[in-house]
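Numbers here are sequence positions counted from 1.
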Amino acid sequence: MNAPPAVSTQALSTKPSRAPGVAFIFKKALISALVALVLFSLMIGVRTEAGPRGQLIYWTRFGDLAAMVAVVFGGSIVVELLRQWWGPVGTIRVVPVPVQSALSVAGRLVAPALLVFTFLVPVIFYDQRYILDLGILVLTYVMLGWGLNVVVGLAGLLDLGYVAFYAVGAYSYALLATNFGLSFWVCLPLAGILAAFWGVLLGFPVLRLRGDYLAIVTLAFGEIIRLVIINWQSLTGGPNGISGIPRPTMFGIPLSPGEDGLAARLGIEFSPTHRIVFLFYLILALALLTNWVTIRLRRLPIGRAWEALREDEVACRALGINTTTTKLTAFATGAMFGGFAGAFFATRQGFISPESFTFQESALVLAIVVLGGMGSQLGVALAALAMIGGFELFRGFDQYRMLVFGVAMVLLMIWRPRGLIGHRAPTVFLERNQAISSDLVKEGHG
């Protein structure tokens, strides 16, 4: 009796994987719809509020609930179809090669196109104050995200109290400008230096901490700064804040309608938009400075030490890298950029109070860094644009805005667990593979 022919392991491994059938896709979509029905029944299906006399009143929104469940059902089907089109991990992708090449070229052009568009925003939307203010807000969070990216993305130190340095920079500028009459250009570096000093003070107690313990201590540090600002009323004004903060000048020339203003000296008609455009380009310059310094630091030995610390602190110590100075420089550098952003925030608003520096701000900046991709400068900028601009886009949908963004973040973490542009590749690496001695590897071959 002849034995059946043997099937090699290589043939089995090269056999194409069988795609899930229609029944499997509909079953998974139905399960997702049932879960959505249970979760959204009390969130959307039934709406409750306190009545004018204190009684509880409610009304039903079963139509909205049914629409949301239908969206989840259809979305689950689309997701499964996209998974089949994109291909599972470890198999050949079905995306055509020309499409991959086009996406690669488009990826390289995103950053220059975004920078050119940012420069032209005040020109294109000169008469739209809302767009200019929104652009200033987005650039502020881009700068904060790039500053926190030094600590979280490059050095791998989870910081939940980054808003403390933001507050130190804002209050430093406000107190120096209002009490001593110093200009913005003098107070800006002082605010960064003071914030960096507080970053070093935070770094010393957390030198031996990692992971969740580090996050808890940094969170406590942010709350301590906020409580000090609230209770030290003789210095900070307490809950009332500080008002009358001087506006920035064009190197000593105020942007005012007076005879000594910039418009009068240039012989043009004064417009309040001039100051908004100046603030836009000011925060753009500060953000680009943050980006340039971060990129330069990554290529220096200190930047390589940050990356080594992020990957493995024990191996970092074994290589002879001083982890104490590495952590302190990461905290100080990130805090300095946060102080710069805080000084700009104070001069833009003209008024600051403790309500502007809550934990929610730290969580928002951290979400921007994580969603954009830790270590990626472009990813942080795109995430800030999506988060801040998206919140404004859905401002008319007060009841569904947070729900939409929660779903979007969950989907992003499923499809892109390392962020929009995950970038953990080291700055220095070998251009080609190099064999090592077989004595150094467990498998016995180089």
Side-chain angles (χ1 to χ4, degrees), residues 1-48 58-107 367 370-374 379 382-383 386-387 390 393-394 397-424:
M1 184 175 181
N2 296 330
V7 180
S8 63
T9 307
Q10 183 178 3
L12 290 176
S13 61
T14 57
K15 184 179 180 180
S17 58
R18 187 176 182 180
V22 177
F24 173 81
I25 295 176
F26 275 95
K27 178 181 178 181
K28 195 167 184 179
L30 182 61
I31 294 175
S32 300
L34 291 176
V35 173
L37 178 63
V38 174
L39 292 178
F40 298 149
S41 59
L42 296 179
M43 297 173 60
I44 299 177
V46 180
R47 177 76 176 180
T48 60
Y58 70 94
W59 63 93
T60 59
R61 298 180 295 182
F62 294 138
D64 296 342
L65 177 62
M68 185 61 66
V69 173
V71 168
V72 172
F73 181 80
S76 179
I77 295 177
V78 171
V79 167
E80 289 299 325
L81 293 177
L82 287 176
R83 283 180 176 175
Q84 292 185 22
W85 178 75
W86 189 257
V89 177
T91 61
I92 300 176
R93 308 296 188 188
V94 297
V95 180
V97 176
V99 176
Q100 296 181 5
S101 302
L103 292 176
S104 178
V105 173
V370 174
L371 294 178
M374 292 189 295
L382 294 176
M387 292 282 290
L393 183 63
F394 289 93
F397 304 93
D398 295 335
Q399 301 176 3
Y400 303 100
R401 184 170 59 173
M402 298 304 298
L403 180 63
V404 170
F405 274 91
V407 172
M409 284 190 284
V410 169
L411 293 178
L412 182 61
M413 289 295 100
I414 293 175
W415 290 97
R416 303 288 296 178
R418 290 192 174 183
L420 288 173
I421 305 177
H423 182 73
R424 291 180 67 95

Output the distance between atom CG (L65) and atom OG1 (T60), rounded to the nearest 0.5 Å.
10.0 Å
To the nearest 0.5 Å, tell me how far S32 OG sits from L37 CG.
12.5 Å
Would you sort out whether F40 and D64 count as a side chain to side chain contact (heavy atoms under 4.5 Å, CB included), showing the intermediate values?
CA-CA 10 Å; F40 298 149; D64 296 342; over 6 Å; no
Between the side chain of S76 and the main-chain N/O of F73, is any donor-acceptor distance below 3.5 Å?
no
Residues at least two apart in sequence or cross-chain that pass side chain to side chain donor-acceptor pair (under 3.5 Å) with K27, listed by chain then number, are none
Heavy-atom closest pair (L371 atom, A383 atom, distance to 0.1 Å) is C-CB, 4.3 Å
